[in-house]
Amino acid sequence: MRATAALLEQPGEPFVLTDVDLDEPRPDEVLVRVAAVGVCGTDLEFAGFFPTPALLGHEGAGVVEKVGAHVTSVRPGDHVAMSFASCGSCALCRTGSPAYCRGFDALNFSGRRPDGSTAVTHGGREVNAHFLGQSSFADHVVAPERAVVRIDASYDLLRAGPFGCGFQTGAGGVFNVLRPRPGASIAVFGAGAVGVSAVIAASLSGCKVVAAVDVNPAKLEAARGFGATHGVDSSAGGTAEQLAALVPEGFDFVIDTTGREDVLRTAVEALGPLGRAGVIGVGPSESMSFDWRSILNGRTVTGIVAGSSVPQLFLPELLELNAEGRFPVEKMITYFPFEQINEAVAAVRSGSVGKAVLTF
């Protein structure tokens with residue numbers, strides 16, 4: 001079938017709207033008509049080097065149109081959010097940790113199905129797609145069943161997409177991994193969509209001190225509206241001193257969403273004894289380094305993928321919190337028509353919007 005997609009013809013270039021051809025869904029696949037898709041920092045990071053021609057996008061939500069013969073969890077007409085792909089058969093998937101699937105990189109970042117094929121072609125050329133289980137910068141997606149999560153039809157599809165990545169990642173890092181006790185202290189580095197999701201989760205967990213750290217004063221002010229008790233402006237330096245003034249004995253928890261070596265070092269050094277650092281940001285730094293003394297006294301650094309969640313369980317829980325008004329992420333969303341994808345990308349890069357969502 002024919003679909004309208006935003007293709008990346010060369011790394012780093014603008015997206016180009018064009019028609020592509022999609023395969024019919026295989027027995028374990030689902031065809032979804034996309035209603036909306038978020039623009040995530042991971043899309044922008046991979047747009048700089050992903051093999052082209054490429055179809056990115058991984059925060060889609062929509063309505064199921066067709067299912068393969070072996071699909072049992074959804075049927076045509078179901079509303080769904082989409083998340084990452086996993087094999088379902090390795091030991092980690094079978095024990096409830098699909099975010100750490102043994103085949104995660106091959107399934108989500110190779111641009112291909114496990115057999116090396118692609119469901120997307122353009123003018124006879126094969127397109128590298130299947131990005132994080134979906135490649136949802138298109139009005140239709142062929143996705144594996146394990147990347148599709150049925151959601152209640154009462155939930156707003158236009159805001160549901162980012163729950164599959166950004167909102168899940170930030171909130172899951174707190175709820176599923178760090179699990180702070182009431183009265184704990186936490187510092188969240190980076191006050192974008194992922195960081196603010198972590199701030200909301202920390203506030204809901206009863207943290208007494210929730211410090212948002214960013215170089216953008218507007219983002220810090222916005223974070224306060226989502227539950228941050230303090231904003232730390234790191235644009236002029238002195239971040240460590242500002243954090244020490246808030247919690248002299250050191251923070252119980254920190255989360256880094258920036259992927260920057262210098263930021264993560266500051267975050268780890270802000271911890272107190274037995275403090276835990278969660279690393280959930282994909283960013284510009286290829287390596288991280290610490291003074292060995294900064295992780296003494298029981299400090300730990302934990303990498304977190306997709307909030308360490310089982311999307312089929314966690315996404316409905318987050319969406320229900322949103323429906324109850326307790327996870328009000330819609331306040332950070334700015335909507336763009338799909339045709340304005342490059343304008344949305346520019347807004348995300350500049351930090352002028354909290355979360356950009358493309359609508360069809």
Side-chain angles (χ1 to χ4, degrees), residues 1-69 71 76 80 82 84-85 105-145 147-148 161 164-165 336-349 356-360:
M1 67 165 291
R2 190 62 60 91
T4 300
L7 279 191
L8 186 67
E9 291 285 358
Q10 295 294 332
E13 291 188 356
F15 292 95
V16 177
L17 261 65
T18 187
D19 288 338
V20 298
D21 292 304
L22 297 181
D23 287 354
E24 289 293 311
R26 290 182 174 181
D28 63 344
E29 293 178 335
V30 177
L31 176 67
V32 178
R33 173 171 48 82
V34 181
V37 56
V39 178
C40 178
T42 302
D43 293 311
L44 308 190
E45 190 73 22
F46 275 79
F49 59 83
F50 203 69
T52 54
L55 180 54
L56 301 177
H58 65 284
E59 290 186 341
V63 179
V64 175
E65 289 196 341
K66 293 181 182 179
V67 300
V71 172
V80 295
M82 290 179 280
F84 58 86
D105 285 357
L107 289 169
N108 291 283
F109 300 128
S110 71
R112 301 288 168 145
R113 293 182 174 113
D115 67 0
S117 66
T118 175
V120 186
T121 55
H122 176 244
R125 296 181 301 162
E126 293 187 338
V127 174
N128 292 298
H130 306 280
F131 185 64
L132 278 158
Q134 50 189 286
S135 283
S136 47
F137 282 166
D139 61 6
H140 284 80
V141 168
V142 173
E145 180 183 14
V148 173
C165 182
F336 295 80
F338 183 56
E339 295 77 13
Q340 294 181 11
I341 182 171
N342 290 308
E343 290 84 347
V345 166
V348 172
R349 290 193 187 279
V357 172
L358 305 169
T359 60
F360 294 84

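Listed here is the closest heavy atom pair of V141 and S136: CG2-CA, 3.6 Å. Closest non-hydrogen pair, F336 versus A347, comes out as CZ-CB, 4.0 Å. Closest non-hydrogen pair, A356 versus V348, comes out as CB-CG2, 3.6 Å. The two atoms that bring N128 and S110 nearest to each other are OD1-O, 4.3 Å, heavy atoms only. Across every non-hydrogen atom of L107 and P114, the tightest pair is CD2-CG, 3.5 Å. When every heavy atom of A147 is checked against every heavy atom of G133, the shortest pair comes out as CB-O, 3.8 Å.
Proximity of T4 to F360: side-chain heavy atoms (C-beta onward) are nowhere separated by under 4.5 Å. Side-chain contact between V357 and V37 is absent, with no heavy-atom pair separated by less than 4.5 Å. Looking at P11 and T52, their side chains come closer than 4.5 Å, going by heavy atoms from C-beta outward. For the pair F137/I341, a side-chain contact is recorded, criterion being any heavy-atom separation below 4.5 Å from C-beta on. Two residues are said to be in side-chain contact when any heavy atoms from C-beta on lie closer than 4.5 Å; L17 and E339 meet this criterion. Side-chain contact between D21 and M1 is absent, with no heavy atoms from C-beta onward closer than 4.5 Å. Residues V34 and Q134 fail the side-chain proximity criterion, which asks for heavy atoms closer than 4.5 Å. For the pair L22 and L31, the minimum side-chain heavy-atom distance is below 4.5 Å.
From L358, atom CG reaches atom CZ of F338 across 6.5 Å, with rounding to the nearest 0.5 Å. Summarising the geometry, atom OG1 belonging to T121 is positioned 8.0 Å from atom CD belonging to E126; distances are rounded to the nearest 0.5 Å. Separating the CE atom in M82 from the SG atom in C165 is a distance of 12.5 Å, to the nearest 0.5 Å. L8 contributes atom CG, which lies 9.5 Å from atom CG of L55 (distance to the nearest 0.5 angstrom).
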Residue pair D139, R2: steps toward the salt bridge (Lys or Arg N to Asp or Glu O under 4.0 Å) verdict | CA-CA 10 Å; D139 61 6; R2 190 62 60 91; over 6 Å; no

Could you check L44 against L56 for side-chain contact (heavy atoms from CB on, under 4.5 Å), going step by step and ending with a plain yes or no?
-> CA-CA 9 Å; L44 308 190; L56 301 177; over 6 Å; no

For F15 and V345, run side-chain contact (heavy atoms from CB on, under 4.5 Å): C-alpha distance rounded to whole Å, both residues' side-chain angles, the deciding distance at 0.1 Å, then the answer.
-> CA-CA 9 Å; F15 292 95; V345 166; 4.0 Å; yes

In sequence, state the C-alpha distance, the side-chain angles, and the governing distance for H140 and V32, and then conclude on side-chain contact (heavy atoms from CB on, under 4.5 Å).
-> CA-CA 6 Å; H140 284 80; V32 178; over 6 Å; no

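Taking the six-membered ring for Trp and the full ring otherwise, the centers of F50 and F131 sit less than 6.0 Å from each other.
T118 and R125 form no side-chain donor-acceptor contact under 3.5 Å, judged by distance and modelled atom types alone. Judged purely by distance below 3.5 Å, without hydrogens or angles, the side chains of T18 and H122 pair a donor atom with an acceptor atom.
In this structure, K66 does not pair ionically with E29, as no charged nitrogen and carboxylate oxygen lie closer than 4.0 Å. For D23 and R113, the salt-bridge test passes: some basic side-chain N is under 4.0 Å from an acidic carboxylate O.
Pairs passing the salt bridge (charged side-chain N to carboxylate O under 4.0 Å, His left out) check and including a residue from residues 33-50, sequence neighbours excluded, read R33-E65.
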